[in-house]
Amino acid sequence: MANADCIVLQGGNMAEAHPVGFQWVAEAKARGAKVIHVDPRFTRTSAVADKHVAIRAGSDVALLGALINHVLSNELWFKDYVVAYTNAATLVGEDFQDTEDLGGLFSGFDPETGTYDSSSWAYAHAHPDEHQPHQGGAPGDALGSGGPPLQHAEVERDETLQHPRTVFQILKRHYSRYTPEMVQEVCGISPADFDYLARAVTENSGRERTTCFAYATGWTQHTLGAQFIRTAAVLQLLLGNVGRPGGGIMALRGHASIQGSTDIPTLFNLLPGYLPMPMAGNHDNLQDYLASVGTKQQKGFWANSDSYFVSLMKAYFGDAATAENDWYFDRLPRMTGAHGTYETAMSMLADEVEGYFVLGQNPAVGSANGKLQREGMRHLKWMVVRDLSLIESATWWKDSPEVESGEVRTEDIETEVFFMPAATHVEKAGSFTQTQRMLQWRHQAVQPPGQCQSEMDFFFELGRRIRGLVAASDDERDRPLLDMTWDYPVDDEGNPDPESVLREINGYRTTDTGERELLSSYTELAADGSTSSGCWIYTGVFADDQNKAARRTPHGGPGVSQSQWGWAWPSDRRILYNRASADPDGKPWSDRKKYVWWDESEQKWVGDDVPDFPVDRAPHSRPDPAVGGPAALAGDDPFIMQSDGKGWLFAPKGLVDGPLPTHYEAQESPVRNGLYPQQQSPARLIYPRQDNLSAPSAGTPGAGIYPFVFTTYRLTEHHTAGGMSRWLPYLSELQPEMFCEVSPQLAAERGLVNEGWATIVSPRAVIEARVLVTERMKPLTVGGRIVHQVGLPYHWGVGNHALVTGDSANDLIGVTLDPNVQIQESKVASCDVIAGRRPRGRAADALLASYNERAGVTVHTDNQRVTDVREEDVDDE
Amino acid sequence: MSSQAAQSVTNYARGASHQFSGPTDPAADAHWPSGQVRKGFFTDTSICIGCKACEVACKEWNHNPRDGDLELTGWSYDNTQSLGASTWRHVAFIEQDRERIEQARESGRKLVDLGMPAVRPSGSSSGEGRAAYRDQDVTPPDTPEFRWLMASDVCKHCTHAGCLDVCPTGALFRTEFGSVVVQDDVCNGCGTCVAGCPFGVIERRSDGTAAPTTRSGEKKGEQPDVPKRGVAQKCTLCYDRLVDGETPACAKTCPTTSIKFGDHPDLVETARDRVHQLHEEGLTEARLYGANELDGVGGTGAMFLLLDEPETYGLPPDPRVPTADLPVMFRRAGLAAAGMLAGAAVAFLGGGR
Amino acid sequence: MGRFSALEWPVFRQLRSGDHLGRGPAVASAKTRATQSRNATADRVVQSICPYCAVGCGQRVYVKDEKVVQIEGDPDSPVSRGRLCPKGAASEQLVNAPGRQYDVLYRAPRATEWQKLDRDTAIDMIAERFVRSRRNTWQETDDEGRILRRTMGIASLGGATLDNEENYLIKKLFTAAGAIQIENQARI
Amino acid sequence: MTVSDFDQFRPPEPERRGRRFGKLRRKRRPGRTDGSAEMLMVPDVEFTSYYGRAIVKPPPWGPEIAAYLFLGGVAGGSGLLAYGAQLTGRKLLCRNARLGAMVAVSVGGAALVKDLGRPDRFYNMLRTIKLTSPMSLGSWILTAYSGGMGVAAMADVDRLTGSRLPLGPMRRALAKVEPVAGGVAAVFAAPLAVYTAVLLSDTANPTWNAAHRDLPVVFASSASLAAGGLAMVTTPTRETGPARALAVMGVVGDLAATRYMESRMDPVAAEPLHQGRPGRLLRWSERLAAAGGLGALLLGGNRALAAASGVALLGASACTRFGILEAGIESAKDPRYTVVPQRNRLAKRRAAGITDDSITTAG
């Protein structure tokens, strides 16, 4: 980011959430870069940014779409880059219909199931071979990071981009109505601000200069979160900023090893290395499974998915995984749909879940709809909480808001709760993967005190005892437990050696003499069972028996990319798709942005980073696409993971809620969708339940009862649900109390006083917060009316163990998920604000009930898939 | 001690190399043998992001207890209110609308027009390198309607330190690095230094007037047991770290290097460059605070780049070390004593009525 | 500092040295002259990474007598260049926090208070419950006869703050046991 | 126009009947410095502060310190009276003054030690002789004075108790050294009374610092009238002639000096002297002083009335000390008292063409 010329921080508050990372933005600014912060609030990032653009929460796609429209209509897109490296020239099939024609829906939408059948979006002339793996099935869970498989790489292209069905023309038509006036109407951004943003981004793109986007949960926590990011990707591709130094899109991830926990996922839908979890019905046998991940014919490295999967099974089950039993494929558990944390919470309420492990997380405060989470926990039989201190998720049975309000009695709660003290990051060795995909090793400084124990020791011990309990059983279902490799070298206290686990993740080749050599790159993985690797993208972290994650060359060594520090997957590459930093002939676009280029003499790609491209593939080589796999990658296919080697402006597969990002309003929004009759995203996952009601949106009766929009955010001084910050005196005194930020106009309207108290009501709960009246929150004129926005930090929780407590903003938030990744919409929702503290005990529920009754909220409010246009426009504002 | 004695003391004091005001090298003035260069801070508030890492790092290094009673103050994002016995770094937050920005710019312009004798003509500063690089016009930043000032405040380590001079026990002393440090094994908590500091930095722990509430314990409203209770406390410029050549905790942890640590002369140089650079950008409200060694305290060890009048940040506009007027006070006191003696003499000579 | 011991009395030192006004060396006490930084007297320094957000700032952990005495930024790290945010700077307090728990607690059904439990029995109890719940809720095939081989009775949440190696073991154990409802903060 | 040396001997200004103390404050006396007209017009500085938070911090001093200021004054004055009486052979006045001074000094000393944050380290006060620290010099003065007065008072006590003190051979030495001790005490008496003024003024406290030129005179006069008052209470009228004279002179000095002090202070910095408790205290001290002074002047003969006016004088001195201390602490709490006077001072210097000595610089 440090060498970017313009940085747009949108959907994220980098100076507050990632202050030390922000030093590089400050560095770029000192060198003259322009920093623009687009956020509903004027935050500490905006304080040092060049420009703050106040946007209505949830309308990011409209703004980015308008930027795309601006770039296209003024011919500002980076021609050579787009034609060569993206699928702009590719033709799309005839039966694709755009949202322009269907009033906000794409073709292939099935209202009953609320899902799209993406076959109508396919490229033109994709030979419809006989057995088309039915893709529509499980929403969004079957797809790894590399994008979905295509039958093969032969696609029709029109390099002149004139053909009406080229992706380029479809893009132009799709965003034709996203004009600056529309942006003012929908996002509340003045044309002057829009023009400033547009000029800044376009002037800083192209050969000489690059623009970089950075986002965080501000984009991901929406019902169309994935589409937010897609819009930015399309814009960056059009401007030619992807794969180049100072360009691209930086995901500002929230936790120490959140990237690590998606690479080696404790997630329901993924196996390590982004291999999808088998889905009942889709992957009933290994061949179907591998075909769904990546066909041999398609380009790119996903074609070798078989070697990745087999190596994983060898790592998991060692010798027990053999060719005969399809490498243990049949023993793997199957998914039958989405099993995200919210579905799990719902199934807890239905008494289907008996046991629950909570590992360093605080769902009672951190997960959306806190009340629902705590109620779910009451239905459990037993629960294990591993944390540093008695967080609210461990003591909810004693001091949760429901116990406090008398709604529930501690004596009636059946759940058994085990609290296991955990070890802190200095009391255990291990590696974190930070937001730039870099693994960094932590050495153990001291032994864990008292009975504290690291998760590794605990789970190793638990695994050993479970295997002990099932050792005798000859029941088939226990085979995997007994076959899995669990024999890690242990030290004198019986704790496994973390480096041995990292070696297993890196992977071995078992030579014929039986001893194991560490692999150095995922290209060495084979599908014949001779290699094993816990996570193929991490292969190379332990190359030639050196723990690369523990490399500590000061300042990352001499190289520009400072790569002598830690290890970035895949194969220590720092900027992905960096082939795109050179033009189709292999020469850098410009000297200033030189990064990776083709060295004619050595016939090799060279540069400041590990080239993200087959090293010896000449720029002009055009192999026969039928060959498939990495070999099929042409010299100008920088996007080596995509099945056609190109950057996807139009995503025929991979996203379940539309090939092109389209603006929809949030699940509950006091504003009508200015662009389409369709109010909300049709494919969003909705959970119509009595304890998950939604506020009526604009145009439906009762919309005026919850007139304000609230957005949640993080403070620098606290950490997520407060588990690691509300127990620390030094951090608690910096931000001691839950507060809400309101504009002076809203404060006047509702009689709020600075430092006073306010009660915030949403259809889910009633909470109280101190009031900070500030001009940093601005009312916006949207859709012809004033929309007030309320800012709520979400770090506080009710309980009496923490140093500072307060109501939790997450109680206000409902559960409506983005279909692609099951992330809840906690960045924008509706609420009402009343001056004074909230009523105590049962009176709070009474207030809530009266509000919902006045608003006429029922289980069906906002839960309509397709907004029927006939409904007359009731706006009793 | 008659007035003549008082007179001689002041002459003697002025005669020797000791001074009470004006530019001096404090460490040399205190006769430290080693030729250490004076260390100091330069806090550039224009790039401060208000993250308060300095507050936490300082407390953590010095094991200062939590103070304040965990109440929201309503002062924007500042809940620790001010420097004190247990808070040696404090970040101020000020929200300003368009009108206040104009006022600040206006007062900044007035400062510039005063024709401050810039030690070096700004042109010769490393401007050339930057000017070529920065071709934009000189328009102020593009968010004129609102501004959020953030500034990290600290002890100034003045060249002529009011607290040091008035301390009767010698607990406060000038280190070889030119910083002012309290020796907590000597101080008996008399409290004179608290009144002596023109910036209101130093404070006696536990019952200092701005001290934490007396409730004790960990939870809200409870105050942890306070180490070094009853002794005056303030920033030591991490004297223990300096002795081992390490950077002070706050300067090391500041993510955007808004807090710069280094040799005082270089920092003055950096400060002047930075303020010229901002003026070239049209930010005329930028001004330096404490960089002028002719001011009331002889220039400060910790200098600041502010974007508004000092009072907006809670800093005094024209601080002056009280010792500067000490000779006058001694003279007047000698006079009063003489007057009293004379009165007594007259009373007795006049005979008892 | 024995005030009257020998000529160490600052008044004499004031006269002896040039520091007549008692501003510097003359008044420095013995303890002050012996000042040393905690870091210098630490037994060892360990390089680590901050546990809070995903920037991955380098940290130096100073240990003395098997206790963490100071955690500060690691100047060698190209990511953070020795800097930390407030949370990172408070890491030492996270490790030695007053509110931190050190022993295993157990809450029996309908109990209103915690009770202490020794770690081994706790892990045994958890293992038993794990196997029992797994057996109660095992699903071999779904209604259309497709193999499932899983248990919906056990769920897990959390992992973003854990090491890769720990995530790996958890995923392997749960997948082998058929428990697929594993989630973590990446989703929230 | 500098102040003449024996300012307090000028006959008291004609008694302005009915003039409220505060009224004087509003009538601005012609500025005594260069008198440039425009300086009078205090620049209407738009006073901003950081959420109203104080800038300087008041010292953590409570009533003990105020009590010490008063007792120090009494001791100082009594030291002089004792020596005067010793020279002029007024045995009774000398004894009473010495005993009074001894009591005052010991109680004051105890109050000082009690106010310390770490009373167990009180001896550190004598750790160095810091010429720049009024409290350091004050500690030495106090020690010297108490030493001298202690010896002298012991002789008196010995006489009082009919030599029953276990002195043995020391008694002869004591008799010889007694007059010298009285002299030593006398030497340190005046500085003891006066150094406390410098102690308060040598701080960044707006009110005290603004009064640094004249506070010593006020404290000297206040000490004199207090000592005189004490003598009038303790000693029969026949020996208290000089004490009464000293008291009258003290009163005159006190009233004149206080008015004069305020006239020279920045009006804003002087405000705390007239508001709230400090204001009331100072107004009472003025009334008591006037009453006591008249009493001493006219009714000195009658023993009971003399004692009454003596008590009035002591009360006046106490009120002055408590009033000034609390005024100082109040002035530190409101940022206005720090900012506005400093802004005036800066503006004055700017107007006078000195533009290079401001802490805020543009370059």
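Reminder, nothing fancy here: chain letters follow the sequence lines and each chain counts from 1. As a basis for the values below, the full set of heavy atoms in this structure was taken, side chains included, without hydrogen atoms, waters or symmetry mates. For clarity, every value in this text was computed on a predicted model and none was experimentally measured.
- Ranked by non-hydrogen atom pairs under 4.5 Å with chain D, the options B:P310, B:C193, B:A92 are led by B:A92.
- Applying the salt bridge (Lys or Arg N to Asp or Glu O under 4.0 Å) test to D:R336 and every residue at least two apart in sequence or in another chain returns D:E271.
- Heavy atoms of B:V321 lying under 4.5 Å from chain D are absent altogether.
- Contact tally against chain B (heavy-atom pairs below 4.5 Å) for D:I65, D:L80, D:L215, D:L192: the top residue is D:L80.
- Although no hydrogens or angles enter the test, the distance criterion places a donor-acceptor pair under 3.5 Å between the side chain of B:T73 and the main chain of B:D78.
- For B:S76, the parts lying near chain D are the backbone and the side chain together; criterion is any non-hydrogen pair under 4.5 Å.
- Classification of B:D325 and B:R320 as a salt-bridged pair holds, one side-chain N sitting under 4.0 Å from a carboxylate O.
- Among the candidates B:A344, B:P317, B:G189, the residue making the largest number of heavy-atom pairs closer than 4.5 Å to chain D is B:P317.
- Interface residue D:T88: only side-chain heavy atoms are found under 4.5 Å from chain B.
- For chain D, the option among B:P198, B:A291, B:A345, B:G296 with the highest count of heavy-atom pairs below 4.5 Å is B:P198.
- Of the charged side-chain nitrogens involved, at least one lies within less than 4.0 Å of a carboxylate oxygen, so that B:R287 and B:E309 count as a salt-bridged pair.
- Of the two parts of D:A193, only the side chain, counted from C-beta on, holds a non-hydrogen atom closer than 4.5 Å to a non-hydrogen atom of chain B.
- Put simply, the side chain of B:L111 does not reach to within 4.5 Å of the side chain of D:T361, judged on heavy atoms.
- In terms of heavy-atom pairs under 4.5 Å with chain B, the best-connected choice from D:L112, D:L81, D:N209 is D:L81.
- The choice from B:C190, B:G108, B:G170 that makes the most heavy-atom pairs within less than 4.5 Å of chain D is B:C190.
- With a threshold of 4.5 angstrom between heavy atoms, B:F199 approaches chain D through its backbone and through its side chain.
- Only the backbone of B:C197 comes within less than 4.5 Å of a heavy atom in chain D; its side chain stays farther off.
- Looking at B:L315, the atoms closer than 4.5 Å to chain D (heavy atoms on both sides) all sit in the backbone: N, CA, C or O.
- Side-chain atoms of D:T240 come within 3.5 Å of backbone N or O of D:T237 as a donor-acceptor pair.
- Using a 4.5 Å cut-off between heavy atoms, D:L87 does not touch chain B at all.
- Formation of a donor-acceptor pair under 3.5 Å by the B:W75 side chain with backbone atoms of B:T80 is not found in this model.
- No side-chain donor-acceptor contact under 3.5 Å links B:T169 and D:N124.
- Taking chain D as the reference chain and counting heavy-atom pairs below 4.5 Å, the highest number among B:L164, B:D295, B:I94 is found for B:D295.
- Residue contact with chain D, scored on non-hydrogen atoms closer than 4.5 Å, involves the backbone of B:Q81 exclusively.
- Here D:K114 pairs with D:E64 in a salt bridge; the nearest charged N to carboxylate O distance falls below 4.0 Å.
- Between chain D and the residues B:G162, B:G290, B:A171, B:C167, the largest count of heavy-atom pairs under 4.5 Å involves B:C167.
- Contacts between B:I202 and chain D at a heavy-atom distance below 4.5 Å involve the backbone alone (N, CA, C, O).
- For B:H279 against D:A362, the heavy-atom pair with the smallest separation is CE1-O, 3.4 Å.
- For chain D, the nearby parts of B:V166 are the backbone and the side chain; heavy atoms of each come within less than 4.5 Å.
- Summarising the local packing, CZ of D:F122 is surrounded by 12 or fewer heavy atoms from other residues, nucleotides or ligands at distances under 6.0 Å.
- Side-chain atoms of D:N344 and D:D266 form a donor-acceptor pair, as typed in the model, at a separation below 3.5 Å.
- When each of D:T132, D:D120, D:V56 is scored by its heavy-atom pairs under 4.5 Å with chain B, the top score falls to D:T132.
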